[in-house]
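Step one of this worksheet: look at the structure below.
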Amino acid sequence: LQDGSASMYVRDVTPDRWQRSMRFVAAFAEALSWKQDRVALALFAHFAAPQVRLTKDPNALFFFLEHLAERSPFRLEDDPTWNTNIEEAVHWGLNLIETNDELFGKTNNPRAFVVISDGQAWSGKVANALAAARGADVSVHVVGVGTTAGGFIPQAPGPRAPLSRIHAELDRDSLRTIARAGGGEYFEIGREPDRDVASRIISSVRRRAPATPREESREELYWRFLFAAAIFLCLGTFALRQRTELWWQAAGALAAVLILASVAG
């Protein structure tokens with residue numbers, strides 16, 4: 001769940017918060033094994049805009065990341081861009097999971113949201129959305145982007161765009177609160193390598209997977225040994241030359257057959 005609001009255009013990180021976030025999402029995708037993993041991508045500002053439905057095809061995700069690398073599709077000229085609505089993004093994710101379960105059935109895979117944002121004021125609506133996620137057994141991890149020094153939001157797109165009077169800074173406290181309420185962890189871009197952060201999130205999610213029940217089975221092996229012994233006994237018969245030895249061999253074979261018949265019965 002990627003924040004695409006106006007504050008993501010702030011350039012307090014290089015080159016700006018949006019492009020830095022996209023680099024992290026790409027690192028997260030590369031850290032996945034893609035064996036049983038499925039990923040969806042949605043952007044949010046005032047409303048949530050789905051980009052990739054749940055997919056196990058990494059090429060589908062990387063295709064969208066390539067086209068989203070430069071700038072957010074939420075334009076600064078549009079009023080909805082100037083609002084951050086994390087609760088709407090969480091509700092979209094829950095609806096996606098519910099619809100997927102109805103179409104394809106539930107799986108044992110643990111489920112989680114990764115929210116990448118520079119912050120949002122805590123509210124009852126956010127709390128309700130996170131409570132719904134916890135009720136659906138979905139953990140919410142949060143990745144902060146930006147700095148506490150912050151910067152001014154541009155008035156229009158482009159590196160030479162004039163700055164507005166609106167100053168945006170990383171709201172670390174609110175993001176930590178969201179992570180705690182969502183049963184996840186808080187991370188911050190730039191504190192450690194992106195691949196390490198991604199691996200820690202993935203490991204945390206996988207630890208929530210239910211233990212696979214052990215299946216025990218038994219197979220009797222003595223018949224295999226008896227069959228091998230019978231083969232060697234037959235081969236040994238060809239080495240006999242005297243009639244007495246052949247009679248003793250035949251008597252022994254007959255006795256063995258009778259014993260095996262009685263055991264099988």
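The figures here come from the full heavy-atom set of this structure, side chains too, leaving out hydrogens, waters and symmetry mates. Heads up: numbering here begins at 1 and tracks the sequence.
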Ignoring hydrogens, what is the shortest heavy-atom contact between [X] and [Y]? Give both atom names and the distance.
X: S164; Y: I153; answer: OG-O, 2.6 Å
X: A129; Y: L94; answer: O-CD1, 4.3 Å
X: R23; Y: P15; answer: NH1-CD, 3.8 Å
X: L65; Y: A26; answer: CD1-CA, 3.8 Å
X: G119; Y: S174; answer: CA-OG, 4.0 Å
X: V52; Y: A60; answer: CG2-O, 4.4 Å

Is there a donor-acceptor pair closer than 3.5 Å between any side-chain N or O of [X] and the backbone N or O of [Y]?
X: S5; Y: T84; answer: no
X: N128; Y: G124; answer: yes
X: W92; Y: L43; answer: no
X: D12; Y: T147; answer: yes
X: W18; Y: R71; answer: yes
X: S139; Y: A112; answer: no
X: H141; Y: E185; answer: yes
X: W82; Y: L76; answer: yes
X: N85; Y: H46; answer: yes
X: T81; Y: A6; answer: no

Taking a hydrophobic cluster as the set of Ile, Leu, Val, Met, Phe, Trp and Tyr residues connected by side-chain heavy atoms closer than 4.5 Å, whether directly or through intermediates, do [X] and [Y] fall within one such cluster?
X: I202; Y: F113; result: no
X: L96; Y: V115; result: yes
X: L32; Y: V138; result: no
X: M8; Y: V143; result: yes
X: V39; Y: M22; result: yes

Rounded to the nearest 0.5 Å, what separation is found between the [atom1] atom of [X] and the [atom2] atom of [Y]?
X: W34; Y: N59; atom1: CH2; atom2: CG; result: 9.0 Å
X: Y9; Y: Q19; atom1: OH; atom2: CD; result: 10.0 Å
X: Q2; Y: L68; atom1: CD; atom2: CG; result: 9.0 Å
X: E192; Y: S199; atom1: CD; atom2: OG; result: 10.0 Å
X: N100; Y: T107; atom1: CG; atom2: OG1; result: 7.5 Å
X: I86; Y: K125; atom1: CD1; atom2: NZ; result: 14.0 Å

Parallel, tilted or perpendicular: ring planes of F152 versus H167, cut at 30 and 60 degrees: perpendicular
Side-chain donor-acceptor contact under 3.5 Å, T99 with R53: no
Donor-acceptor side-chain pairing of D57 and T55 below 3.5 angstrom: no
For residues [X] and [Y], determine if any side-chain heavy atom of one lies less than 4.5 Å from a side-chain heavy atom of the other.
X: F62; Y: E30; result: yes
X: F28; Y: I116; result: no
X: L1; Y: V140; result: no
X: T177; Y: V126; result: no
X: D137; Y: R208; result: yes
X: D3; Y: F44; result: yes
X: R191; Y: V197; result: no
X: V205; Y: V114; result: no

Over 12 non-hydrogen atoms of neighbours within 6.0 angstrom of CD in Q36: no
salt_bridge(D101, R111) N-O dist < 4.0 Å: yes
Pair D37 + R206: basic N to acidic O under 4.0 Å: yes
Residue pair R180, V142: steps toward the side-chain contact (heavy atoms from CB on, under 4.5 Å) verdict: CA-CA 9 Å; R180 284 195 300 268; V142 180; over 6 Å; no
Working for side-chain contact (heavy atoms from CB on, under 4.5 Å), residues I189 and V13: CA-CA 10 Å; I189 292 177; V13 294; over 6 Å; no
Stepwise side-chain contact (heavy atoms from CB on, under 4.5 Å) check, R200 with S204: CA-CA 6 Å; R200 288 175 59 187; S204 176; over 6 Å; no
Full working for side-chain contact (heavy atoms from CB on, under 4.5 Å) between E169 and T148: CA-CA 5 Å; E169 59 187 44; T148 53; 5.6 Å; no
F47 and F74 aromatic centres sub-6.0 Å: yes
